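As the structure is a prediction and not an experimental result, all values here were calculated from the model. Below, each value reflects all heavy atoms present in this structure, side chains not excepted, and no hydrogens, waters or symmetry copies. In each ligand, atom 1 is the first atom listed, and ligand 1 is the first ligand listed.
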Amino acid sequence: MNQTATIFQPAVIENLQKQVRGKIILPSDKNYDQARKVYNAMIDKHPAMIVICTDAGDVQEAVKFAKENDLMVAVRGGGHNGGGLGICDDGMVIDLSGIKYVRVDPSAKTVRVGGGSLLGEVDHATHAFRLAVPAGIVSTTGIGGLTLGGGLGYLSRKYGLTIDNLLEADMVLADGSFVTVNEQKMPDLFWAIKGGGGNFGIVTSFLFRAHEVDMIYGGVTLWPIENTVEIMTWYDKFLNTAPGELSGFIATLEIPGPPFPENLHHKKFCGIVWCFTGDLDKADEIFRPVRDKQPVFEHLGEMPFPAIQSLFDGLLLPGLQWYWKADFFKGLTPELCEQVKKFGSSIPTPLSQMHLYVIDGAVSGIDNSQTPWAHRDAKYAGVIIGVDPDAANKDKMITWCRDFWNAMHPFSSGGSYLNFEMSGESDEKVKSSYGENYKRLQDIKRKYDPENFFKVNQNIRP
Ligand SMILES: Cc1cc2nc3c(=O)[nH]c(=O)nc-3n(C[C@H](O)[C@H](O)[C@H](O)COP(=O)(O)OP(=O)(O)OC[C@H]3O[C@@H](n4cnc5c(N)ncnc54)[C@H](O)[C@@H]3O)c2cc1C
């Protein structure tokens with residue numbers, strides 16, 4: 001039972017319950033401990049109440065109640081955020097998990113998605129029409145936080161970030177009002193949510209552009225960690241001529257066990273996880289240079305797009321300890337790759353990894369000022385993740401992540417992808433991540449949320 005959260009009189013809660021169709025969960029409820037869990041088990045927060053909203057009306061009532069009772073508010077989409085920004089101590093969690101739907105319009109190639117939906121739900125619904133919305137690479141991630149922070153994945157090189165495919169959003173603002181924003185309606189606010197995180201309001205519905213994606217050719221190739229410098233510098237050059245339909249993120253990793261063959265278990269590798277969405281008849285030709293690099297393990301083949309999108313779900317179950325640190329890079333110099341090899345050789349726990357996601361192509365084809373996402377001139381979004389089921393390994397994981405980050409950081413190009421950071425990043429980090437867009441974001445924040453009602457996020461101070 002929570003010792004810290006504000007306790008409300010039963011009549012007050014009964015009154016709120018009359019206004020919302022969703023459930024209100026209090027510290028005294030038996031499912032409270034389950035409901036307050038987020039994906040990262042390192043986060044252990046005790047809100048005063050969790051309101052599971054089922055529609056925009058519920059969200060409006062929750063906002064109104066929180067304002068009247070001076071409650072801090074955290075908004076939870078998929079609950080995946082590394083820093084646990086979907087939960088707070090002693091306040092109200094506006095949980096959007098009851099607002100889940102995906103409606104595909106195959107003729108317009110658009111997709112309407114409820115604010116609490118998960119990527120796997122979107123991929124499942126769109127795949128039926130051989131369409132896909134560019135988003136992330138793990139199916140249990142929330143579309144809400146991912147989109148509002150930018151959204152990168154296998155389709156980014158060809159079709160841009162998730163925000164580059166956002167056409168419209170329904171939102172509840174800090175004053176409780178409901179608005180629809182797009183290029184014509186409230187364009188300043190529409191601009192701000194394309195990377196400005198949860199700072200501006202609660203999105204109850206997203207409208208995305210979708211693209212024709214069906215079967216893909218992809219999977220994993222691995223090289224011994226000793227070959228890291230060679231593979232990374234080769235890949236960096238290879239990308240310059242590779243078609244936009246090909247994407248692959250670099251990972252330094254340890255093979256933790258099955259489903260990989262036993263001879264690989266507990267060894268460390270430099271890997272690339274591939275996804276090719278182009279003409280499958282050309283896959284052999286496209287992957288010839290990859291095979292010429294003689295990976296020690298290859299698991300490549302045709303699969304439906306949702307299959308590659310959920311390839312790692314089984315390894316990354318909810319409830320693990322996670323620590324994140326991020327940076328952007330414009331290229332992969334041998335000096336940087338040497339550091340990657342060094343720290344990739346001393347992975348502290350089997351699931352801890354370093355990833356470099358490619359963000360050239362369509363992502364860089366848009367000017368930095370077109371959306372708040374200000375580092376489109378970088379080529380890679382890098383992230384170091386310490387991951388383990390056992391809380392006892394937390395300190396060694398965090399130390400490894402920080403040391404690794406300190407070694408890579410001198411080669412970075414400034415700022416970082418805030419969706420790949422823990423919470424409590426300094427104002428300076430948030431500012432440098434938005435670069436020249438920060439001032440404009442601040443002005444818009446001042447206009448729509450002058451009291452900083454939405455502050456459990458990578459905060460833009462009004
Ligand atoms: C295993 C894993 C894989 C990942 N892979 C990728 C990837 O491939 N690409 C990528 O870009 N990112 C990836 N991420 C990072 C991911 O984008 C962030 O963790 C993101 O914050 C998750 O969104 P969420 O809705 O699940 O998070 P939550 O914890 O629910 O929320 C995060 C933040 O977003 C706000 N928010 C969420 N939904 C809404 C909404 N509807 N309206 C207003 N505010 C909202 C919250 O208030 C909070 O500030 C990954 C994360 C994990 C854990």
Side-chain angles (χ1 to χ4, degrees), residues 37-43 45 53 56 59 63 72-88 91 93-97 99-100 113-120 134-156 161-163 169-174 192-193 195-206 247 249 273 275 308-313 315-324 326 351 353 355 357-359 363 373 381 383 385 387 417-423 449 453-460:
K37 273 189 192 154
V38 287
Y39 184 78
N40 182 358
M42 210 182 272
I43 313 292
K45 301 233 161 136
C53 297
V59 175
V63 166
M72 176 181 283
V73 158
V75 180
R76 178 184 173 131
H80 248 232
N81 186 270
L85 293 173
I87 191 110
C88 60
V93 175
I94 299 185
D95 183 321
L96 306 178
S97 60
I99 311 184
K100 272 187 201 282
V113 180
S117 306
L118 306 182
L119 301 195
I137 63 152
V138 172
S139 81
T140 50
T141 313
I143 194 80
L146 176 128
T147 301
L148 298 170
L152 52 85
Y154 297 118
L155 304 183
S156 304
L161 301 171
T162 310
I163 46 174
D170 288 348
M171 297 177 70
V172 174
L173 304 184
I193 63 168
N199 273 285
F200 300 93
I202 303 175
V203 177
T204 53
S205 179
F206 295 94
S247 187
F249 73 87
V273 183
C275 177
I308 190 118
Q309 290 286 84
S310 48
L311 205 62
F312 303 109
D313 287 10
L315 283 176
L316 303 177
L317 297 171
L320 302 171
Q321 307 273 320
W322 287 73
Y323 186 78
W324 300 65
L351 289 173
Q353 303 191 355
H355 294 173
Y357 295 92
V358 201
I359 47 165
V363 179
W373 217 82
V383 64
I385 42 173
V387 189
Y417 178 32
L418 291 173
N419 268 356
F420 286 168
E421 294 282 9
M422 297 300 283
S423 60
D449 185 15
F453 179 72
F454 297 114
K455 58 171 156 295
V456 183
N457 44 44
Q458 301 291 1
N459 199 234
I460 294 159

Ligand 1 versus [X], non-hydrogen atoms closer than 4.0 Å: side chain, backbone, both, neither?
X	value
Trp324	side chain
Leu96	side chain
Phe420	side chain
Phe454	neither
Val138	side chain
Thr162	neither

Next on the checklist: Between Tyr357 and Tyr417 (judged by ring centroids, cut-off 6.0 Å), do the two rings come close enough to count as a pair?
Outcome noted: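 Ring centroids of Tyr357 and Tyr417 are no less than 6.0 Å from each other.
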Next on the checklist: Pair Asn199, Asn459 - check side chain to side chain donor-acceptor pair (under 3.5 Å), show working.
Outcome noted: CA-CA 7 Å; Asn199 273 285; Asn459 199 234; 3.1 Å; yes
Ligand 1 atoms in contact with [X] (distance to a heavy atom under 4.0 Å):
X	result
Tyr39	1 (C), 53 (C)
Gly198	44 (N)
Leu148	39 (C), 40 (C), 42 (N), 43 (C), 44 (N), 45 (C)
Tyr417	10 (C), 11 (O), 12 (N)
Gly115	41 (N)
Ile202	42 (N), 43 (C)
Gly136	7 (C), 8 (O), 9 (N)
Gly79	24 (P), 26 (O), 27 (O), 28 (P), 29 (O), 30 (O)

Say whether [X] and ligand 1 are in contact under the criterion: heavy-atom distance to a ligand atom below 4.0 Å.
X	answer
Gly201	yes
Phe312	no
Gly151	yes

Next on the checklist: Angle between ring planes, Trp322 versus Tyr39, binned at 30° and 60°: parallel, tilted or perpendicular?
Outcome noted: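 Because their plane-to-plane angle lies in the 30° to 60° range, the rings of Trp322 and Tyr39 count as tilted.
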Checklist entry - Rounded to the nearest 0.5 Å, how far apart are CD1 of Ile137 and CG of Asp313? => result 9.5 Å
Item to check | CZ-CG distance between Phe200 and Asn457, expressed to the nearest 0.5 angstrom | outcome: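 One finds 9.0 Å between CZ of Phe200 and CG of Asn457.
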